[in-house]
There are 2 protein chains.
Amino acid sequence: MTRPAQIHDVAARAGVSPSSVSRALNGGRHVSPAVQARVLRAAEELGYEPNLNAQGLRGQASRTVGCLVSDVSNPLYAELVSAAEARLQDEGYLFVLGNSHGDMARELALIRLFRRRRMDGLIVALNNETHPDLLREIEQTAVPLVLLDRDVSVERDRVSADHRGGAYAAARHLIDLGHRDILLVTPGHQVRPGRERMAGMESAFRDAGLAPEGLTFSLQASSIAFVFSDVKQALAGPRPPSAIVVLGTQMLAGTLSAIASCGLEVPGDVSVISIGDTDLARYAAPGITALRWDLKNVGRQAAELLLARFGGDVAPPRAVVFPMELIIRKSCSPPGSNRRGAR
Amino acid sequence: MTRPAQIHDVAARAGVSPSSVSRALNGGRHVSPAVQARVLRAAEELGYEPNLNAQGLRGQASRTVGCLVSDVSNPLYAELVSAAEARLQDEGYLFVLGNSHGDMARELALIRLFRRRRMDGLIVALNNETHPDLLREIEQTAVPLVLLDRDVSVERDRVSADHRGGAYAAARHLIDLGHRDILLVTPGHQVRPGRERMAGMESAFRDAGLAPEGLTFSLQASSIAFVFSDVKQALAGPRPPSAIVVLGTQMLAGTLSAIASCGLEVPGDVSVISIGDTDLARYAAPGITALRWDLKNVGRQAAELLLARFGGDVAPPRAVVFPMELIIRKSCSPPGSNRRGAR
DNA sequence: CGCGCGACTGAAATCGTTTCTAGGTTCCGC
DNA sequence: GCGGAACCTAGAAACGATTTCAGTCGCGCG
């Protein structure tokens, strides 16, 4: 547990000056092969590891990227984060993760912290798209920054998924099957994905000549814990839906168990579409028709945008949108497939 | 996008020296209230954010913790990481995440990188418990380090789950129901959890007076992709198992679909127990009996151990073990419940 | 043979903060 | 009124690297 070796120690051992050590280790230029070899060997023998605090102080880059999401334990973010981290790791960047848990104060504090630490770049999925403090913080961030799937009125690189198009396809699918009473289980419209999905749904209804009022709302399900009871209540109501679209990615579980606990069957009594192709959607019985998009790619792309900026790219902000795909499984059928009393 | 304010600027604006600014901002001691107020206001007005590279260089702590796991997109790690990050964030620490993707070279590189960056502490889940390079790296790490659920021959703090006890309970449950031919779907025994689970299974068999040879192995399922075909093959074999224990946390999906694709039913034809209480286990139909342990708590505890060390705790290494609990659902019944030809 | 140029190398400045040291006030008690 | 304690404050050193700048050395060319 002795003091770690410093550049000075390496220099002494190699019999050269610290500046030569630095050159030998970094550039390799302006150094004679003989010295370079000696330095390399000395560094190896001493297990020299440059102090990146000092490097970051003297130079400007910290080779660190900050990432802010609401919670990595959300599988969507987990996959995205994993892919982004992998790509950045390849380039030698360190990946700092911050979970806001939906708390705006934490988001603000984290972004500030990221800046204090002189991160080279940021990847952020805000939970609040409008608060002026947050907007100002984003605007004042001098380093490259990628916005994940959010509508923030700031000119920045962004990566998103086509929630609107996906939702449109999902709604269309149900409408074509004959559904008119569709329950939307949604986490709310606070952030872009929720709004876009909603908009897609509504425009599908309008395009089909239907009034969007046919869509029932279940907004209060802002907490996942309420999904079960809300859905159950809707199914037991006077005009139960013939189909349910689960717009929140972690709400499928509650929905399915609510359906089961009402003694109803999928798809006979209720059709179900899930936004987000989770294990549960894939392997539930019956398999749940779901909207999928390539989260790994989203994460990788966010990293790629940052790397391009690091490389000196000064083009105006880009917006990359990834398509969504409707995976047809067995959870949808025309309404009323289970005739009354068939059970 | 002007140069961020420095301590010097704050000092000038407040009409004091940089050292007074530092004292006013940090300690608050040895500073007159008047100066303190002026400094605070000046810092606020300039939006001063100390450069933590410089702070870290001058002082010793970087207030940063590194965490190494194989992949956060594994929901188990995601939950653990999320909890650990939350706890550390509360204390103002930055959380650096590195995914090794099971690659030893990456693990080594990441630990080295963490050290170069002068992390104050490390949380690591190695994928290779024995490679000397890795062991040496761990040993040479001077800062506090917590090992996650691994058997590494190094004296360090560790946090684990009682896989052996959990597996024992699971095996016992099946044996009590009358099962004798049990298929184990396992990701292998490279790391502690796999070995411990296996050991628990075997000792349950021995305690019941049965030969552990009754346990069938499915080791080649090291890649999740092979689970489906391996299980299918076992079920179609000459002596199909009456029960399956899924020892890998991401292998339940493949197992269930293999069972379904053989035209078999759970639990009538095959009983199933899953290690790891995922959404899929909870909400599959029928619900899958599963082993659960408190991952949030594991993550929090790892953070807590580090924080204690930061606080000056010099006690010998601790080992915290979390219990596992068998959640009985509907996926297990005595063998042969579905009489031949009943379908 | 001398001059100049190019290639290396080392000394010193620098990055932005904290902390140590020492100096200066103020205030109190004798 | 003076000595000393207590309290602030400024200045300088230190942290560990990179980078600039200037100097040295060797060699080729005139």
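No experiment lies behind these values; they were computed from the predicted model shown. Numbered from 1 within each chain, the chains take letters A, B, ... in sequence-line order.
A donor-acceptor pair is defined here as one N or O able to donate and one able to accept, closer than 3.5 Å; no such pair exists between the side chain of A/Q190 and the backbone of A/N128. Side chain of A/D9 to main chain of A/A5: no donor-acceptor pair is present (N/O by atom type, distance under 3.5 Å, no hydrogens or angles).
Nucleotide D/dT20 holds its C1' atom 10 Å from the CZ atom of A/R23, rounded to whole Å. Between the CG atom of B/L57 and the P atom of C/dC15 there is a distance of 14 Å, given to the nearest Å. Nucleotide C/dT17 holds its P atom 13 Å from the CZ atom of B/R58, rounded to whole Å. Atom CG of A/N53 is separated from atom P of D/dA14 by 19 Å (rounded to the nearest Å). The distance from atom CG of A/N51 to atom P of D/dA14 is 18 Å, rounded to the nearest whole Å. Between the CG atom of B/L52 and the P atom of C/dG16 there is a distance of 14 Å, given to the nearest Å. Following rounding to the nearest Å, B/I7 (CD1) and D/dG11 (P) show an atom-to-atom distance of 14 Å. In this entry the distance linking CD of A/Q55 with C1' of D/dA17 reads 7 Å, nearest Å.
Side-chain atoms of B/Q6 lie closest to C/dT17 of the nucleotides C/dT17, C/dT18, C/dA13. Distance from the side chain of A/V31 is smallest to C/dT9 among C/dT9, D/dA10, D/dA17.
In this model, a donor atom of one side chain and an acceptor atom of the other lie less than 3.5 Å apart for A/R117 and B/T64.
When the side-chain nitrogen and oxygen atoms of A/Y48 are compared with OP1 and OP2 of D/dA17, one or more of them lie within a distance under 4.0 Å. Contact annotation: A/S20 reaches the phosphate of C/dG10 (side-chain N/O to OP1 or OP2, under 4.0 Å). Taking only side-chain nitrogens and oxygens, A/S32 comes nearer than 4.0 Å to OP1 or OP2 of C/dT9. At least one side-chain nitrogen or oxygen of B/N26 sits closer than 4.0 Å to the OP1 or OP2 atom of C/dT18.
Nucleic acid contact class of B/S19 (heavy atoms, under 4.0 Å, all strands): base.
In this structure, A/E137 pairs ionically with A/R112, as a charged nitrogen and a carboxylate oxygen lie closer than 4.0 Å.
Between B/A54 and B/G15, the residue whose closest nucleotide on DNA chain D is further toward the 5' end is B/G15.
Between the base of D/dG16 and the side chain of B/R118 there is no donor-acceptor pair shorter than 3.5 Å.
A/D157 has its side chain out of reach of A/L145: every pair of non-hydrogen atoms, C-beta onward, lies at least 4.5 Å apart.
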